[in-house]
Amino acid sequence: MDPSYGMYLWPSAILLADYLCINARQFDGKKILELGTGTGLCGLIAALIGGEVVMTDLEDSVIIRENCQWAIQHNKHLFKGSARYLPFTWNAFSPSILELSAPDIILGADVLYDESDFEILMASVHFFLQKNPHAIFLTTYQERVDSYRWTIEILLDRWNLEMEDIPIETFFADDRTDLLQGKTISLWKISNKSVDQGVG
C-alpha cells in the first residue's frame, strides 16, 4: 500500500472516533494500542478521553511518524491520558513492540484495506490478544470487495477469533451520515473465542 494513504482522513476513522467519544468512560485508564494510526485521529481521541495510548504505523513511513509526533506534542496539554508513537510493521516485532504492556483495547480504523495484508494483521492482533486474553480489537471496515469479508471470516477462524458487529445507528447520528461519503462501513469488535469482555 502507498504510505501516503495514511495521511488521508478516511471516513472509517471518523466513525471510530465517534464511537470512542460517545463511549469515553469505557476507555478511560485503559492501555490502548492503535494499529495503522495514519493521521492519528483515533489515537489522539483515545488519549484525550483518558487512554494510555501507543499509536503505531509502518516502520518506513517517515511522514506518518513525524505527523503523529507533531500532533502528540501539540495536543498533549489536552490529554486526560497519554500518547506516544512507535513504528510497527505488522508481524515484524521489534524489541520495543515486544516490550509493550499487554493492551486492553486495540484500535484500527480501515486497516482491512489491502487483502494481501489481512493475514499479517490478524496474526499481529492474535499476538496481542494472547498477551491479554480479555482484550478486544475494535476496527472499522469499509465494504470494497464482496469476497473480502469471506476472507476475513476464514482468517478469524484460523486465529481462533470471533467478531461482533456493533450497529452504527447506536452511536452515529443520522444527521452526520454525510461524513461517511456514502460508504458502507461497519464497526467490529474482535476478540478471542469464548472470552467475555466489558466494552461494547
Side-chain angles (χ1 to χ4, degrees), residues 12-13 15-17 19-38 42-43 45-59 80-113 115 117-141 148-168 170-171 186-200:
S12 292
L15 187 72
L16 183 54
Y19 182 82
L20 296 175
C21 290
I22 289 169
N23 296 279
R25 286 189 207 170
Q26 297 179 35
F27 301 94
D28 190 4
K30 300 292 186 183
K31 292 183 177 69
I32 297 173
L33 174 67
E34 185 180 19
L35 303 177
T37 191
C42 295
I45 292 292
L48 182 72
I49 61 177
E52 306 299 324
V53 183
V54 178
M55 302 157 66
T56 70
D57 214 308
L58 293 169
E59 202 155 357
K80 183 178 179 183
S82 65
R84 61 186 173 117
Y85 180 87
L86 283 177
F88 174 46
T89 299
W90 299 334
N91 220 27
F93 296 96
S94 66
S96 58
I97 294 295
L98 290 172
E99 291 165 6
L100 287 175
S101 299
D104 300 305
I105 297 163
I106 305 166
L107 300 176
D110 209 4
V111 289
L112 290 158
Y113 177 89
E115 189 177 22
D117 291 330
F118 288 2
E119 178 84 53
I120 58 172
L121 171 62
M122 288 302 175
S124 299
V125 168
H126 178 264
F127 170 81
F128 291 111
L129 292 181
Q130 292 306 296
K131 291 184 79 170
N132 177 3
H134 294 277
I136 61 166
F137 174 39
L138 290 171
T139 185
T140 43
Y141 171 72
Y148 279 11
R149 182 157 184 153
W150 181 75
T151 303
I152 292 164
E153 289 173 356
I154 290 173
L155 289 172
L156 289 170
D157 189 60
R158 179 179 300 166
W159 291 103
N160 203 33
L161 303 173
E162 59 188 4
M163 177 178 72
E164 176 187 339
D165 213 330
I166 299 174
I168 67 170
T170 62
F171 65 91
S186 302
L187 174 61
W188 295 340
K189 180 171 77 170
I190 293 173
S191 60
N192 290 307
K193 284 185 177 176
S194 303
V195 174
D196 184 42
Q197 307 85 21
V199 176

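Count residues from 1 along the sequence.
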What's the verdict on side-chain contact (heavy atoms from CB on, under 4.5 Å) for I152 and M122, showing C-alpha distance, side-chain angles and the deciding distance? CA-CA 9 Å; I152 292 164; M122 288 302 175; 4.0 Å; yes

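- Under the 4.0 Å criterion applied to side-chain N and carboxylate O atoms, E162 and K193 are not assigned as salt-bridge partners.
- Ring pair F128/F137: centre-to-centre distance not below 6.0 Å.
- A distance of 10.5 Å separates CD1 of I168 from OG1 of T140, quoted to the nearest 0.5 Å.
- From Y141, atom OH reaches atom OH of Y113 across 12.0 Å, with rounding to the nearest 0.5 Å.
- Two residues are said to be in side-chain contact when any heavy atoms from C-beta on lie closer than 4.5 Å; L15 and F171 meet this criterion.
- Considering all non-hydrogen atoms of both residues, I190 and L156 come closest at CG2-CD2, 3.8 Å.
- Paired with F88 under the rule side-chain contact (heavy atoms from CB on, under 4.5 Å), one option of L33, L35, D57 passes, and it is L35.
- For the pair V53 and L107, the minimum side-chain heavy-atom distance is 4.5 Å or more.
- In this structure, the separation between CG on L48 and OG on S82 is 12.5 Å, given to the nearest 0.5 Å.
- Across A13 and A109, no two heavy atoms sit closer than the pair CA-CB, 3.6 Å.
- Considering only residues two or more places apart in sequence or on other chains, E59 meets the salt bridge (Lys or Arg N to Asp or Glu O under 4.0 Å) condition with none of them.
- The backbone N or O of G108 lies less than 3.5 Å from a partner atom in the side chain of T139, making a donor-acceptor pair.
- Here N91 contributes atom CG and I120 contributes atom CD1; the two are 6.5 Å apart, rounded to the nearest 0.5 Å.
- Residues V125 and I106 come closest through the heavy atom pair O-CD1, 4.3 Å.
- Put simply, CD on Q26 and CD1 on I105 are 7.5 Å apart, with the number rounded to the nearest 0.5 Å.
- Inter-residue side-chain proximity for V54 and I32 is flagged as unmet; no heavy-atom pair is nearer than 4.5 Å.
- Judged purely by atom type and a 3.5 angstrom limit, D165 has no side-chain atom pairing as donor or acceptor with the backbone of S186.
- Aromatic ring pairs are classed by plane angle as parallel below 30°, tilted from 30° to 60° and perpendicular above 60°; the pair H126 and W159 is tilted.
- With hydrogens and angles ignored, the 3.5 Å screen pairs a side-chain donor or acceptor of T56 with a backbone N or O of E34.
- With rounding to the nearest 0.5 Å, the separation of NZ in K80 from CZ in F27 is 13.0 Å.
- Every residue two or more places apart in sequence or in another chain was checked for a salt bridge (Lys or Arg N to Asp or Glu O under 4.0 Å) with K131, and none qualifies.
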Show the atom names and distances, to 0.1 Å, of all donor-acceptor pairs under 3.5 Å that link a side chain in residues 94-103 to residues at least two apart or in another chain.
{"from": "S94", "atom 1": "OG", "to": "S96", "atom 2": "OG", "distance (Å)": "3.0"}
{"from": "S94", "atom 1": "OG", "to": "I97", "atom 2": "N", "distance (Å)": "3.4"}

